[in-house]
Amino acid sequence: MEDRGNHRQNIGRLGEDIACDLLRDMGHTVLERNWRSGHLEIDIITFDKDGIHFVEVKTRSRNIQAPPQTNVDKIKQRHITNAALRFLKSRNGIPYGDYECHFDIVAVTFEGDRCITEWIPQAYIPIYL
């Protein structure tokens, strides 16, 4: 029997794969997956005609009580924002310095043999954190 930790990792990885496919289908170029700086991480970083997107992926094996995106609370938003700042600084703002930054969420829910995905563009604006 697979332990709970491995199962969650596998579901999370599958959710990120699905999110990348969704974003590519919408015209995004995936720049990074699981980008890390210290203890901070961004699940997916993409680029499209609108700018750079820092994407948090939330995956559940079924929708219980609340949708997956409700787990992206203020603390998680601050962590992603700080990671995004580090990502931009690590590249000295080039080539993304003149582009808009977006903080998106992709929610992936597995219900039986169905997979439901929801892209939430501009899920939050860091200035209000």
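In what follows, residues are counted from 1 in the order of the sequence shown.
The line from NE2 of His102 to NE2 of His28 is 8.5 Å long, rounded to the nearest 0.5 Å. The line from NZ of Lys74 to OH of Tyr124 is 10.0 Å long, rounded to the nearest 0.5 Å. From Glu32, atom CD reaches atom OG1 of Thr46 across 11.5 Å, with rounding to the nearest 0.5 Å. Between Leu88 atom CG and Cys101 atom SG the span is 5.0 Å, to the nearest 0.5 Å.
Scanning both residues, Lys58 and Gln69, for their nearest heavy atoms gives CB-N, 4.4 Å. When all heavy atoms of Val72 and Glu56 are compared, the pair lying nearest together is CG2-CG, 3.8 Å. Nearest heavy-atom pair across Pro121 and Asp104 is CA-OD1, 3.5 Å.
In this structure, Val108 is a member of the same hydrophobic cluster as Val30, with clusters built from ILVMFWY side-chain heavy atoms closer than 4.5 Å. Hydrophobic clustering, with ILVMFWY side chains joined whenever heavy atoms are under 4.5 angstrom apart, keeps Trp35 apart from Leu85. Leu31 and Ile80 fall within the same hydrophobic cluster, where Ile, Leu, Val, Met, Phe, Trp and Tyr residues are linked whenever their side-chain heavy atoms come under 4.5 Å apart, directly or through other members. Note on Ile11 and Val106: same hydrophobic cluster, where clusters join Ile, Leu, Val, Met, Phe, Trp and Tyr whose side-chain heavy atoms are under 4.5 Å apart, directly or indirectly. Using a 4.5 Å cut-off between side-chain heavy atoms of Ile, Leu, Val, Met, Phe, Trp and Tyr, with links allowed through other members, Ile116 and Ile120 fall into different hydrophobic clusters.
Relative orientation of the Phe47 and Tyr99 rings is perpendicular, given thresholds of 30° and 60° on the angle between their planes.
Listed by chain and residue number, nothing satisfies the side-chain hydrogen bond (donor to acceptor under 3.5 Å, both in side chains) test with Thr70 (two or more places apart in sequence, or in another chain). Shown here are the side-chain hydrogen bond (donor to acceptor under 3.5 Å, both in side chains) partners of Thr59, two or more places apart in sequence or in another chain: there are none. The side-chain hydrogen bond (donor to acceptor under 3.5 Å, both in side chains) check on Asp17 picks up Arg33, with sequence neighbours excluded.
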Evaluate Asn71 against Arg60 for side chain to side chain contact (heavy atoms under 4.5 Å, CB included), listing each step before the verdict. CA-CA 11 Å; Asn71 287 345; Arg60 286 198 180 151; 3.1 Å; yes
Side chain to side chain contact (heavy atoms under 4.5 Å, CB included) between Leu40 and Phe87, worked out: CA-CA 10 Å; Leu40 301 174; Phe87 173 81; over 6 Å; no
For His53 and Asp48, run side-chain hydrogen bond (donor to acceptor under 3.5 Å, both in side chains): C-alpha distance rounded to whole Å, both residues' side-chain angles, the deciding distance at 0.1 Å, then the answer. CA-CA 8 Å; His53 297 257; Asp48 74 352; 3.0 Å; yes
Derivation of the side chain to side chain contact (heavy atoms under 4.5 Å, CB included) call for Ile75 and His79: CA-CA 6 Å; Ile75 293 168; His79 284 255; 3.6 Å; yes
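Each of Ile42, Ile105, Ile44, Ile45 was evaluated against Val55; a single residue qualifies, Ile44, per the side chain to side chain contact (heavy atoms under 4.5 Å, CB included) test.
With a 4.5 Å cut-off on side-chain heavy atoms, Leu23 and Trp119 count as touching. The shortest distance between side-chain heavy atoms of Ile125 and Phe103 does not fall below 4.5 Å.
Salt bridge Asp73/Lys76: absent, no basic N to carboxylate O contact under 4.0 Å. Ion pairing between a basic and an acidic side chain is recognised when a charged N comes within 4.0 Å of a carboxylate O; Arg13 and Glu16 show no such pairing.
Side-chain atoms of Arg86 come within 3.5 Å of backbone N or O of Ser37 as a donor-acceptor pair.
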